[in-house]
Amino acid sequence: MFYADLHIHSRFSRATSKEMIPEVIEQWAQLKGIKLIGTGDFTHPEWLREIEKKLNEEGNGLFTLKKQYRLDVPDSCKEDIFFILSSEISCIYQKNNKLRKIHLLILSPSLRDVTKINHALSQIGSLGSDGRPILGVDAKEVMKIIIDISPSSMIIPAHAWTPHFSVFGSQSGFDSLSECFEELTPYIYAIETGLSSDPPMNWRLSELDRVLLVSNSDAHSPTKIGREANIFDTEMNYNAITEAIKIRKGFLGTVEFFPEEGKYHYDGHRSCGVRLSPKETIKRNYLCPVCGKKVTVGVMHRVEVLSDRTEGFKPPQALPFKSIIPLSEIIAEIKNSSTQSKSVFDTYMKALYKLGSEYNILLHKDLKEIEKFDSKLAEAIERMREGKVYVEAGYDGAYGRIKVFGESIETEIKGQAILF
C-alpha cells in the first residue's frame with residue numbers, strides 16, 4: 001500500500017513557491033509519507049528541461065530523482081520516492097453562449113509522449129507563460145488532442161467543484177460531465193474532488209457513480225504536499241496505477257481535507273466578511289447582506305443544486321476515505337501559535353524524527369507512542385481520527401478553520417454572530 005499525490009505545481013506556476021523544485025518536492029514527499037508524487041507542469045518548457053536534467057526515467061512510466069540532487073531527511077522518514085508526469089491545463093472558452101473555465105489534470109507515461117503533447121498544445125497557446133497554461137480551446141478538444149497523441153495518457157477534471165475553474169463550478173462550469181465532454185465522456189475515468197468537497201458530497205450525484213473519486217493536494221508550496229492523497233495497492237508502475245483508476249482494483253480510497261477547511265466550501269463575500277450556508281444564500285436571494293452584491297456560490301451549494309440524492313446517501317461501490325488535519329495545524333493549535341512560527345516548525349520536525357512521517361503520525365501511529373512524545377498531541381490526533389472537530393467553513397477564497405479543542409466557532413458579520 002502507498003499514498004500518491006498526483007497534482008502539484010512547479011515554481012513556474014503563478015503564486016507558487018520558488019522551493020517547488022524536484023529535490024525539495026522529493027524531500028517533502030518523504031516527510032509527508034507520500035510514495036508517488038506528480039511532477040506538475042510538464043507543459044512548461046523550462047520545467048520540462050529541469051525534469052529531464054534531475055530525474056531518471058525508470059522505464060515503467062515513472063521517474064526517480066538522481067542521487068546527486070537528494071536532500072537529507074530524518075531516517076524515520078526515508079523512502080524511495082517516485083514521480084509521475086503530470087500537468088494542469090486551464091481551458092477558457094465559450095460554449096452554448098456561456099464562458100467556460102475548466103481545469104484539467106493530465107497524467108502521461110513518458111517524456112516522449114509529453115514532448116508530442118507539448119508540441120501540439122504549443123500550436124494553440126503559449127506554454128511558457130505559466131506552469132498551468134491557459135488555452136482558448138474547448139476542454140473536450142484538448143482532451144481529444146491528448147488521447148489521440150498518447151492513448152495511455154489520462155485526463156481528470158481538476159478540483160471538480162471549485163466555483164471559478166472547474167467542470168461543475170458555479171461560475172463557469174457545466175451541470176454534467178456529458179455536457180462538457182460529450183462523446184468523449186466515457187474516457188473520463190475519475191474526477192478530482194478538490195479541497196472543498198469530500199466523497200459523501202459527491203455520492204449525492206448519481207452521474208458520478210461511474211467515475212472514481214480521486215484527491216490530490218494541488219500544492220503550491222512544499223509544506224502543502226499531501227494535504228490530500230490517494231491510497232493505492234498496486235505495482236509501482238504507470239500502467240498499474242492508471243488501470244487501478246480505470247477499474248478501481250488496487251485503488252483503496254482517499255485521504256481528505258475536512259471539506260469545510262477548503263476555500264470554497266460555503267457561499268460568501270470575502271471582502272465583506274460574509275459567510276453563508278446554502279439556505280441562507282437562497283433566503284437572501286444570493287445577495288450579500290453587507291454590500292448587496294452577488295455572493296460567490298460555493299461547493300456545498302453547488303452540490304445541493306446538482307444532486308439527485310439526499311444527504312447521507314452512500315452508493316454500494318463507495319470507497320473508504322480518511323479525513324485529516326495537517327500536522328502543523330494541530331501543533332499550531334496546541335501552541336496557540338501560527339503554522340509559520342519557528343516553534344511550530346521545530347516541534348513538527350521533532351515529531352517526525354521521533355515518530356516517522358506525517359501520514360504515519362496522523363493515520364497509523366499507535367496513540368500510546370504519540371503520547372510518549374506529547375500527550376496533548378496524542379489527544380488531538382485521537383479526536384481528529386474520530387472526527388470530533390469544530391469547523392468554520394471556508395468561503396469565497398478564504399480557507400476555513402478546523403479545530404480539535406475549544407468551543408464551537410462563530411462567524412462575525414458586522415458585529416453580529418451568525419451560526420450556521
Side-chain angles (χ1 to χ4, degrees), residues 1-9 28-29 32-38 40 84 86-88 103-107 154-162 165-169 177 188-205 208-220 223-234 241-242 244-246 248 250-265 298-300 302-303 314-315 317-327 329 357-359 362-364 384-385 387 394 399-400 402:
M1 191 198 78
F2 61 92
Y3 295 102
D5 184 356
L6 307 175
H7 180 183
I8 69 167
H9 287 281
W28 275 90
K32 293 286 185 169
I34 299 295
K35 178 80 171 175
L36 176 66
I37 187 81
I84 187 169
S86 67
S87 196
E88 186 180 18
H103 284 189
L104 302 175
L105 171 64
I106 316 299
L107 305 177
M154 179 170 280
I155 293 88
I156 300 172
H159 41 74
W161 295 92
T162 303
F165 297 100
S166 70
V167 67
F168 294 132
L177 292 176
I188 298 294
Y189 298 102
I191 66 164
E192 186 181 67
T193 58
L195 301 180
S196 295
S197 85
D198 63 3
M201 293 167 65
N202 287 264
W203 295 340
R204 295 184 60 190
L205 191 62
L208 300 182
D209 287 353
R210 57 161 289 274
V211 300
L212 186 69
L213 303 177
V214 301
S215 293
N216 302 293
S217 69
D218 196 1
H220 285 226
T223 60
K224 301 300 185 185
I225 287 169
R227 56 186 173 179
E228 291 199 332
N230 308 284
I231 312 170
F232 286 91
D233 184 8
T234 69
I241 290 157
T242 52
I245 293 173
K246 288 179 180 179
R248 304 187 191 199
F251 189 95
L252 304 184
T254 55
V255 179
E256 304 279 337
F257 239 34
F258 283 93
E260 294 87 355
E261 191 170 1
K263 293 194 292 184
Y264 294 100
H265 184 73
V299 170
M300 190 69 249
R302 188 68 170 150
V303 169
K314 185 177 181 179
Q317 76 279 12
L319 293 172
F321 68 96
K322 300 175 182 180
S323 299
I324 61 171
I325 303 170
L327 182 58
E329 292 183 17
S357 71
E358 179 169 340
Y359 267 26
L362 294 177
L363 298 170
H364 304 293
M384 181 207 74
R385 289 178 183 178
Y399 281 110
I402 309 294

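Note that the numbering runs from 1 along the sequence shown for the chain. No experiment lies behind these values; they were computed from the predicted model shown.
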- Message: Evaluate W28 against I8 for side chain to side chain contact (heavy atoms under 4.5 Å, CB included), listing each step before the verdict.
- Response: CA-CA 12 Å; W28 275 90; I8 69 167; over 6 Å; no
- Check ring pair (Phe, Tyr, Trp, His ring centres under 6.0 Å) between F165 and all other residues, then give those that pass, not counting sequence neighbours. H103
- Check whether any side-chain heavy atom of P326 sits under 4.5 Å from a side-chain heavy atom of F257, and report yes or no. yes
- Task: For residues I231 and L319, determine if any side-chain heavy atom of one lies less than 4.5 Å from a side-chain heavy atom of the other.
- Result: no
- Message: If I compare all heavy atoms of A190 with all of V214, which pair ends up nearest, and what's the gap?
- Response: CB-CG1, 4.0 Å
- Message: Looking at R227 and I325, would you say the former's side chain and the latter's main chain have a donor-acceptor pair under 3.5 Å?
- Response: no
- Query: How many angstroms lie between CD1 in I156 and OG1 in T242, if you round to the nearest 0.5 Å?
  - Reply: 9.5 Å
- First locate atom CG of L212, then atom CG of N202, and finally report the distance between them rounded to the nearest 0.5 Å. 11.0 Å
- Query: For K246, does the NZ atom sit with more than 12 other heavy atoms under 6.0 Å from it, leaving out its own atoms?
  - Reply: yes
- Item | E260 CD to H265 NE2 distance, which is reported to the nearest 0.5 Å | 4.5 Å
- Task: May I ask you to test the T254-P199 pair for a side-chain heavy-atom distance under 4.5 Å?
- Result: yes
- Is any side-chain heavy atom of H9 closer than 4.5 Å to a side-chain heavy atom of H7? yes
- Say you draw a straight line from CG of L36 to CZ of F232; how long is it, rounded to the nearest 0.5 Å? 7.0 Å
- Query: Could you give the distance from OH (Y3) to CG (L252), rounded to the nearest 0.5 Å?
  - Reply: 9.0 Å
- Look at the side chain of R302 and the backbone N and O of T162, then say whether any donor-acceptor pair between them is shorter than 3.5 Å. no
- Closest non-hydrogen atom pair, K224 against S217: O-CB, 3.3 Å
- Hey, does L177 have a side-chain heavy atom less than 4.5 Å from the side chain of V167? yes
- With rounding to the nearest 0.5 Å, note down the distance linking CD1 in I155 to CD1 in I106. 5.0 Å
- Note on the structure: Smallest heavy-atom separation, Y399 atom then E261 atom, equals CD2-O, 3.3 Å
- With side chains defined as the heavy atoms from C-beta onward, is the minimum distance between L195 and D218 less than 4.5 Å? no
- In short, W161 meets V299 closest at the heavy-atom pair O-CG2, 3.3 Å
- Task: Without swapping roles, check the side chain of E358 against the backbone of K32 for a donor-acceptor pair under 3.5 Å.
- Result: no
- Test item: I191 and L213 side chains (from C-beta on) under 4.5 Å apart, heavy atoms: yes
- Under 3.5 Å, side chain of N230 to main-chain N/O of S215, donor-acceptor pair present? yes
- Under the side chain to side chain contact (heavy atoms under 4.5 Å, CB included) rule, what do T234 and F2 come out as? Steps first, then yes or no, please. CA-CA 8 Å; T234 69; F2 61 92; 3.7 Å; yes
- Task: Before giving the answer on side chain to side chain contact (heavy atoms under 4.5 Å, CB included), spell out for L6 and S86 the whole-Å C-alpha distance, their side-chain angles and the decisive distance to 0.1 Å.
- Result: CA-CA 7 Å; L6 307 175; S86 67; 5.7 Å; no
- Item | 4.5 Å side-chain heavy-atom contact, F258 and M384 | yes
- Message: T193 vs E228, test: side chain to side chain contact (heavy atoms under 4.5 Å, CB included). Steps then yes/no.
- Response: CA-CA 10 Å; T193 58; E228 291 199 332; 4.2 Å; yes
- Residue pair R385 / L363: nearest heavy atoms and the distance that separates them: NH2-C, 3.7 Å
- Item | Donor-acceptor under 3.5 Å (Y359 side chain, G226 main chain) | yes
- All heavy atoms of S166 vs all of A160, minimum pair found to be OG-O, 3.0 Å
